[in-house]
**Student:** 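Just dropping this structure here.
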Amino acid sequence: MRLSRYLAPTQKETPAEATIVSHRYMLRAGMVKQSAAGIYSWLPLGQRVLRKIEQIVREEQDHAGAVEVLMPTLQSADLWRESGRYDDYGQEMLRIKDRQDRDLIYGPTNEELIHDIFRQSVRSYKQLPMNLYHIQWKFRDEIRPRFGVMRGREFLMKDAYSFDVSEEAARTSYNKMFLAYLRTFARMGLSAIPMKADPGPIGGDLSHEFIILADTGESEVFCHKALVEMAPPDRNIADDDLQSVVDQRTSYYAATDEMHDAVEFEKVAEADRLTARGIEVGHIFYFGTKYSEPMNVTVAGSDGKDVFVEGGSYGIGVSRLVGGIIEASHDDDGIIWPMSVAPYEVGLINLKAGDEATDKACDALYDELGAAGIEVLYDDTSERAGAKFSKMDLIGIPLQLIIGPRGLKDGKAELKVRATGERDDISLDAAAQKLVAMVEQAR
RNA sequence: CGGGGUAUGGCGCAGCCUGGUAGCGCACCUGUUUUGGGAACAGGGGGUCGUAAGUUCGAAUCUUACUACCCCGACCA
């Protein structure tokens, strides 16, 4: 993409309302624009990151056997009356009337809707286990939205819902999601720690929050240090082995402040204790028949008798992750995107736009990298060099190729790694090949 | 929802107390000199001062109501 033809309204100054680093950088890098309290427009750079995160989530859900659907944002109030949550959910749920005076709600979550779909379509235990997910905008009318996209009112969430014929089978579904989540976050460069969680209003008795550590996190967390460095689990684990892998991950102490047990924590060797702040990026629940009973969701068991299905739900805050990743990966100059979610993989800086030789060299590399499938943000504007460097660092493009007349005389360009700040001369002829290799290795 | 605050060009702010028809920095446009880490100079464009009503010869400025947004708290993906 040529920057001269793009919408990336970066700013030198920090907007007054942003108090945390991810919000500041998202506004300064021109990724989002606030439209109302807790509601944002996603500008091109933000939209690309959002889509990349969404795609990683999708791939890992698919791989874990979940099946994608898409449910609407608006839902009939009747379904919520059936589950009993129309009255329980409170003012966080946005209620709307249509022109016929029918009650609608803007969905804060989708348990009711998915159970309705399921009960109308699935009749037999033979079709189970089944896990349906979608990635859709949610609305929760928070008392106080804040921290940019970290606690917005409208947010993009992946929510999956598992259906099983027995509690034991449901636990297998739960474990699959548990491990898929660890892989999902690892692919975004995040170390997410599963922590025992309070199931809250969703209900049930088995629940974990996935927390990434960041100084600006909303909750205080306590855990064993080993969890931070733990490698993500293997992608292919036999069903019979799931429990032992999950057990290995949950055997260490890890809890948020509301579930914290100081006595248990004391049993961890002092050098291994970690107290930090964290951001919740995922939350999984097993809730049994909490919805299937009131909504009469049954399948025929192997004995021919109907049984209530055992359910679980699994959420990932996709739009929150955009902020979360920035909180976890930035410096004083701006964002440092992991390659997997970067809006563009390579930033190409033309230090002297308008100079024939420089333009020619840059244009050629832009074409070559594009042809090789690399996503390039090409700064072809006539700004000064310093402004271009600052902007590219602020936006956080992981690899930068800097081309100016000075190096060009010797057939050289400069390759800069955003994360480390390292800059090396590289021959112009070898640049494309080298970049392709680096990008592919880091994807 | 309780407490506090703000609203003036795209962004950051001054002007308000003491009423006289809007200013600064950044950004934007033109030109010149520059040109490797957010250049300098000169010229220029852009604002019904959140909305409505009131007081007044005259309101960004005083009064009232409303709205929006931000911060702290309780609540939450």
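Every chain is numbered from 1, with letters handed out A, B, ... down the list of sequences. Quick caveat: nothing in here was measured; it's all calculated off a predicted structure.
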**Student:** Regarding Gly334(A), tell me which of base, sugar-phosphate or nothing describes its non-hydrogen contacts under 4.0 Å with the strands shown.
**Tutor:**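 Touches nothing.
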
**Student:** Quick test of your reading of the model: are Arg2(A) and Asp363(A) salt-bridged, counting only N-O distances below 4.0 Å?
**Tutor:**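 Answer for the salt bridge query: yes.
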
**Student:** Using atom CD1 of Ile20(A) as one end and atom P of C70(B) as the other, report the distance to the nearest whole Å.
**Tutor:**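 It works out to 13 Å between those atoms.
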
**Student:** Salt bridge check: are Arg153(A) and Asp141(A) linked by an N-O gap of less than 4.0 Å?
**Tutor:**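 Yes, Arg153(A) and Asp141(A) are salt-bridged.
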
**Student:** Counting primed atoms plus P, OP1 and OP2 as sugar-phosphate and everything else as base, spell out the protein contacts along nucleotides 34-45 of chain B at 4.0 Å heavy-atom distance: B, S or - for each nucleotide, 5' to 3'.
**Tutor:** BSBBBB------

**Student:** Quick check on RNA chain B: between Met150(A) and Ala37(A), whose nearest nucleotide comes earlier from the 5' end?
**Tutor:**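 Here Ala37(A) is the residue nearer the 5' end.
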
**Student:** One thing to verify: whether Asp333(A) and Arg418(A) come together as a salt bridge, which I'm taking to mean a side-chain N less than 4.0 angstrom from a carboxylate O.
**Tutor:**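 Salt bridge flag = no for Asp333(A) with Arg418(A).
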
**Student:** Between P on A77(B) and CD1 on Ile135(A), what's the gap in Å once rounded to a whole number?
**Tutor:**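 From Ile135(A) CD1 to A77(B) P: 19 Å.
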
**Student:** Start with the C-alpha gap between Asn175(A) and Gln243(A), add the side-chain angles, then the distance that decides, and say whether side chain to side chain donor-acceptor pair (under 3.5 Å) holds.
**Tutor:** CA-CA 7 Å; Asn175(A) 288 341; Gln243(A) 191 62 53; 2.6 Å; yes

**Student:** Choosing from C1(B), C71(B), A77(B), which nucleotide comes nearest the side chain of Thr19(A)?
**Tutor:**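 The closest nucleotide is C71(B).
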
**Student:** Would Arg48(A) count as a cation-pi partner of Tyr6(A), with NZ or CZ less than 6.0 Å from the six-membered ring centre and within 45° of the ring normal?
**Tutor:**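 No, cation not above the ring by the 6.0 Å, 45° rule.
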
**Student:** C71(B), A77(B), G25(B): which one has an atom nearest the side-chain heavy atoms of Arg146(A)?
**Tutor:**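 Of all the options, the side chain of Arg146(A) is nearest to C71(B).
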
**Student:** Starting at CG of Leu27(A) and ending at C1' of G12(B), how long is that distance when rounded to a whole Å?
**Tutor:**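 It works out to 13 Å between those atoms.
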
**Student:** Rounded to the nearest Å, what distance is computed from the CD atom of residue Glu92(A) to the P atom of nucleotide C1(B)?
**Tutor:**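 My rounded result for the distance is 15 Å.
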
**Student:** Which nucleotide wins on minimum distance to the side chain of Arg144(A), given the candidates G73(B), G25(B), C75(B)?
**Tutor:**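 Closest nucleotide to the Arg144(A) side chain: G73(B).
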
**Student:** Considering heavy-atom distances to RNA chain B, does Gln91(A) or Gln34(A) have its closest nucleotide positioned more toward the 5' end?
**Tutor:**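 By nearest-heavy-atom nucleotide position, the 5'-most residue is Gln91(A).
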
**Student:** Please determine if Arg95(A) forms a cation-pi arrangement with Tyr86(A), meaning its NZ or CZ atom is less than 6.0 Å from the six-membered ring centre and no more than 45° off the ring axis.
**Tutor:**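 Yes - Arg95(A) lies over the ring of Tyr86(A), closer than 6.0 Å to its centre and within 45° of its axis.
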
